[in-house]
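The next block holds one structure in the form of structure tokens; read it before the comments.
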Amino acid sequence: MPELPEVETIRRELDREVAGKKIASVEVTGTRTVRRGTKKQLVDRLVGHTIKGARRKGKYLCLVLDDGGWLVIHLRMSGQLLKAAPKDPKPKHTHVVVTFAQGGQLRFVDPRTFGEVFVVDPARLVEDAPDLAELGWDPLEEGITLPSLAQLLLSRRMQLKALLSDQKIVAGLGNIYTDEILHAAGLRYDRQSNTLTSQEIRRLSRAILEVLHDAIAARGSSLADEQYVDLSGRPGTYQLQHQVHARDGKACPRCRATIEKAKYQGRSTYYCPSCQV
DNA sequence: CGATCTACCTGATGGC
DNA sequence: TGCCATCAGGTAGATC
């Protein structure tokens, strides 16, 4: 489900909603959600601690604890974080419930159970969470200079969509936003990264930042199934601004050619065959 | 190194 | 109405 704009939307809400709150109890009912360490280790590690704030690393959410540890959440395809009151009925597929001393709960709901919750000491990231440690450039966190983006593209011989969605190279992009970014940049998904001109690299750089900023301003994208919702259960609105994603058969907003759908890496890719080269 | 495929799951949707 | 195939925001691992 969520990519960088959705995760960032949730991070900002978490920073407002749970920072300063003390964890009174943690209930883990899911059987697959806690995979690194045992459920008991997770619960013991959390209870009594206060959350200082929320950070984002690519598509990972990290709740920073008062002892420096991170409560890490990855939503994968169908995970949701929802704030709730203890008396609220629990949705199906609620796997983890954190109850705060000040009242209120944070719930992790995940029908497809690909999502994950774990605690890690950031000083031991390389050993204990290599997936987190090896994340690539985060377009929102650190600015990247044109020469370093050029280096990143030209030093490899990869198709652009594969490159942009590789979390070890660029952190946070997935199926929706690579399609939208590549359209905004006028580049095809299967274009070889080492053939870009400096002008195309500049366009790509601008497209990445522009699409992500606009998407965050719209609080992310929710598709027809509304799998993605924010902490309060509300969908985002950026899908209304999608130019190509899930718009096959419609006219390209830029050149009026018909948008096509292709199978790429086992999933759907949408692009304009006329203005993306 | 890079491309391709599979698996992990539940649920919604569309065709017949 | 039901049954079946297909598809969905992600990622790791195997294979070539």
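Every heavy atom of this structure was used, including side-chain atoms; hydrogens, water molecules and symmetry mates were not. Naming: A, B, ... by sequence-line order, numbering from 1 per chain. Just so we're clear, the structure is a prediction, and the values are computed from it rather than from any experiment.
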Is the shortest side-chain N to carboxylate O distance from Glu13(A) to Lys83(A) below 4.0 Å?
no
With a non-hydrogen cut-off below 4.0 angstrom, is Glu116(A) in contact with a base, only sugar-phosphate, or nothing?
nothing
Salt bridge or not for Asp131(A) and Arg36(A), using N-O below 4.0 Å?
yes
salt_bridge(Arg45(A), Asp67(A)) N-O dist < 4.0 Å
yes
When rounded to the nearest Å, what value does the distance between P atoms of dG11(B) and dT11(C) take?
22 Å
For His95(A) and Phe108(A), take the angle between the two ring planes, folded into 0 to 90°, and tell me which bin it lands in: parallel under 30, tilted 30 to 60, perpendicular over 60.
tilted
Nearest-neighbour nucleotide for the His74(A) side chain, dC7(C), dA12(C), dG10(C) considered
dG10(C)
Could you tell me the separation between the CD atom of Glu180(A) and the OH atom of Tyr238(A), rounded to the nearest 0.5 Å?
5.5 Å
Say you pick atom P in dT6(C) and the same atom in dT6(B); how far apart are they, in whole Å?
13 Å
Do Asp15(A) side-chain atoms and Gly53(A) backbone N/O form a donor-acceptor pair below 3.5 Å?
no
Arg12(A): side-chain hydrogen bond (donor to acceptor under 3.5 Å, both in side chains) partners, not counting sequence neighbours:
Glu8(A)
Summarise how protein sits on nucleotides 7-13 of chain B as a single string, 5' to 3': B when a protein heavy atom is under 4.0 Å from the base, S for sugar-phosphate-only contact, - for no contact.
-BBBS--
Arg76(A) with Asp110(A): basic N within carboxylate O range, under 4.0 Å:
no
Can you run through DNA chain B from 5' to 3' and write each base as (, ), [, ], | or . depending on how it pairs? Watson-Crick or G-U wobble, both distances under 3.5 Å.
.|||||||.|||||||
Roughly, in whole Å, what's the span from CG in Asp110(A) to C1' in dA8(C)?
13 Å
Could you check how far CG of Asp248(A) sits from C1' of dC7(C), rounded to whole Å?
13 Å
Any side-chain N or O of Lys168(A) under 4.0 Å from OP1/OP2 of dT11(C)?
no
Spacing of Tyr264(A) atom OH relative to dG2(B) atom P, expressed in whole Å:
12 Å
Whole angstrom is fine here: how far is it from CD in Gln80(A) over to P in dA8(C)?
19 Å
Ranking Met158(A) and Gly266(A) by the position along DNA chain B of their nearest nucleotide, the one closer to 5' is Met158(A)
Within a radius of less than 6.0 Å around NZ of Lys90(A), do more than 12 heavy atoms belonging to other residues, nucleotides or ligands occur?
no
Please state how far atom CD in Glu134(A) lies from atom C1' in dG13(C), giving the value in whole angstrom units.
14 Å
Spacing of Leu160(A) atom CG relative to dA3(B) atom P, expressed in whole Å:
10 Å
Looking at dA12(C), dA8(C), dA3(B), which one has an atom nearest to any side-chain atom of Ser268(A)?
dA8(C)
Knowing that exactly one of Gln276(A), Lys161(A), Glu260(A), His245(A) qualifies, which makes a side chain to side chain donor-acceptor pair (under 3.5 Å) with Tyr271(A)?
Glu260(A)
Gln167(A) side chain N/O closer than 4.0 Å to the phosphate oxygens (OP1, OP2) of dT11(C)?
yes
Nearest-neighbour nucleotide for the Asn175(A) side chain, dG10(C), dT4(B), dA8(C) considered
dG10(C)
Between dC1(B) atom C1' and Arg157(A) atom CZ, what is the distance in whole Å?
10 Å
Atom CZ of Arg191(A) to atom P of dA3(B): distance rounded to whole Å?
14 Å
Using the P atom as the reference point in each nucleotide, state the distance between dA5(C) and dA7(B) in Å, no decimals.
16 Å
From the candidates dA3(B), dA12(C), dG2(B), the one with an atom nearest any side-chain atom of Asp131(A) is dA12(C)
